[in-house]
Protein chains: 2
Amino acid sequence: MELKEAQEKFISAWGAIGTHWGINRTMAQIHALLLISNNALSTEDIMSQLNISRGNVNMNVRELMSWGIVHKVLKFGERKEFFTAEKDIYKTAIQILKERRKRELIPILNLLGELQSENIQESGGEHFKKVVGDIHQFGESTNKMLEKMVKADEHWFTGSLMKFLVKK
Amino acid sequence: MELKEAQEKFISAWGAIGTHWGINRTMAQIHALLLISNNALSTEDIMSQLNISRGNVNMNVRELMSWGIVHKVLKFGERKEFFTAEKDIYKTAIQILKERRKRELIPILNLLGELQSENIQESGGEHFKKVVGDIHQFGESTNKMLEKMVKADEHWFTGSLMKFLVKK
DNA sequence: AAAAACTTTCATTTTTTTTTGAAAGTTTTA
DNA sequence: TAAAACTTTCAAAAAAAAATGAAAGTTTTT
């Protein structure tokens, strides 16, 4: 297999995974392209390699930067901006967990907390409160677990957590 | 707040979360509705409560059943089918992890394995193989971790794993 | 201060995903 | 075995999401 073919397979698969996790295909493909690129790429590099428009690249690259997994790189003597992806996959994973915790878990925990503290007397209210309470508790546990993982250094995964989970 | 209002907020929030995780809004809302319903619901109950068509209910309920988090219930003396969601949130979470592992993680691990074993000589190939290799290794670790979690009983989360992660 | 080199925005178009609902299919009842 | 009660399918419509590209905006150079 040629390098180019292998790269295309990888980019395509990464894009497909993204769609399964609520990430748009192009954003995931740009991430994949930057991961496998040795050097930082310009907007035009990305446009031509993925065959997409300037506006599309701009939007998705900025989204990737807002997730903290792609960074702007300025090269001496060059006016244009280049982009590079964090290459340490553990750091990337933790960064994504961190952001999803902030953007998704915390808000739902707040809602669940509010719903739980409502004074609902109607019939059926008990079952509702039980379900909400259970999910809230589960969410809080997940939240604590993520806090722990995110605070640890990037070696938590291969370190003691993995030893605990896999070997024991 | 009235029960109905609280329920609507919950269903709506559950639907929104779904979309962030690659699950269609309606499927997540049906799941939410079944979670907070004390009794199993018929297709028509779901249609009227969520204001959606018969075909839509049928499709999404079957999808939820394929994930193993919603079950068909037959009532004595009734011809129609009723549906109920697994109410244990830990079991539900594990079931989802199990399915996603099978449907998404395993296939990508297979691809990464293939790409890794390719004999690529071209320049740039080394960086590509390093990235693919790193992700493959990360995926294998995740896979092992999930295997462990899924094999354990439903109390892993509050049990020793949580003690390990949160308290230590 | 004008031109050049670049980035960002966003109304419009395109693509993709989701929903509808009527017809076809199936099972149960009379 | 015919009708009734129900479930499933799927082509078409609708809705939602993503992509385009040209114009506007910004920064740097001359």
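The figures that follow rest on heavy atoms only: side chains count, while hydrogens, waters and symmetry mates do not. Letters go in sequence order (proteins before strands), and every chain restarts at 1.
- A donor atom on one side chain and an acceptor atom on the other are found under 3.5 Å apart for B/R103 and B/S66.
- Rounded to the nearest 0.5 angstrom, B/Q29 CD and B/N60 CG are separated by 10.0 Å.
- A heavy-atom distance below 4.5 Å is not found between the side chains of A/L41 and A/F82.
- For the pair B/K144 and B/E147, the salt-bridge criterion is not met [side-chain N within less than 4.0 Å of a carboxylate O].
- A salt bridge is defined here as a Lys NZ or Arg NE, NH1 or NH2 lying under 4.0 Å from an Asp or Glu carboxylate O, and B/R54 with B/E44 meets this definition.
- Residues from residues 47-75 of chain A with heavy atoms under 4.0 angstrom of DNA chain C, sorted by number: A/R54, A/G55, A/N58, A/R62.
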At a cut-off of 3.5 Å, list every protein nitrogen or oxygen paired with a nitrogen or oxygen from nucleotides 13-15 of chain D, distance to 0.1 Å.
none

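- No continuous path of ILVMFWY side-chain contacts below 4.5 Å connects B/L115 to B/I106, so the two sit in separate hydrophobic clusters.
- Computed from C1' positions of five pairs at each end, the angle between the two local axes of the helix from C/dA1-D/dT30 to C/dA30-D/dT1 equals 0°, rounded to 10 degrees.
- Here the OG1 atom belonging to A/T84 is positioned 8.5 Å from the CG atom belonging to A/N39, to the nearest 0.5 angstrom.
- Between the side chains of A/H20 and B/E104, no donor-acceptor pair of N or O atoms lies under 3.5 Å.
- As rounded to whole Å, 16 Å separates atom C1' of D/dT27 from atom CD of A/E78.
- A distance of 15.0 Å separates NZ in B/K4 from NZ in B/K9, rounded to the nearest 0.5 Å.
- Ring orientation note: the planes of B/F10 and A/F128 are nearly perpendicular, at an angle over 60° on the 30°/60° scale.
- To the nearest 0.5 Å, atoms CE (A/M27) and CD (A/E63) are separated by 5.0 Å.
- For the pairing with A/I30, the side chain to side chain contact (heavy atoms under 4.5 Å, CB included) check across A/V61, A/V70, A/N56 returns one residue only, A/V61.
- With a cutoff of under 4.0 Å to any heavy atom of chain B, the contacted region of DNA chain C is bounded 5' to 3' by C/dT18 to C/dT29.
- Scored by the salt bridge (charged side-chain N to carboxylate O under 4.0 Å, His left out) test, B/K75 finds no partners at all (sequence neighbours excluded).
- Taking CD1 from B/I96 and NZ from B/K91, the interatomic distance works out to 14.5 Å, rounded to the nearest 0.5 Å.
- Proximity of residues 12-38 of chain A to DNA chain C (heavy atom under 4.0 angstrom from any strand atom) is not detected for any residue.
- Separating the CD atom in B/E81 from the NZ atom in B/K72 is a distance of 3.5 Å, to the nearest 0.5 Å.
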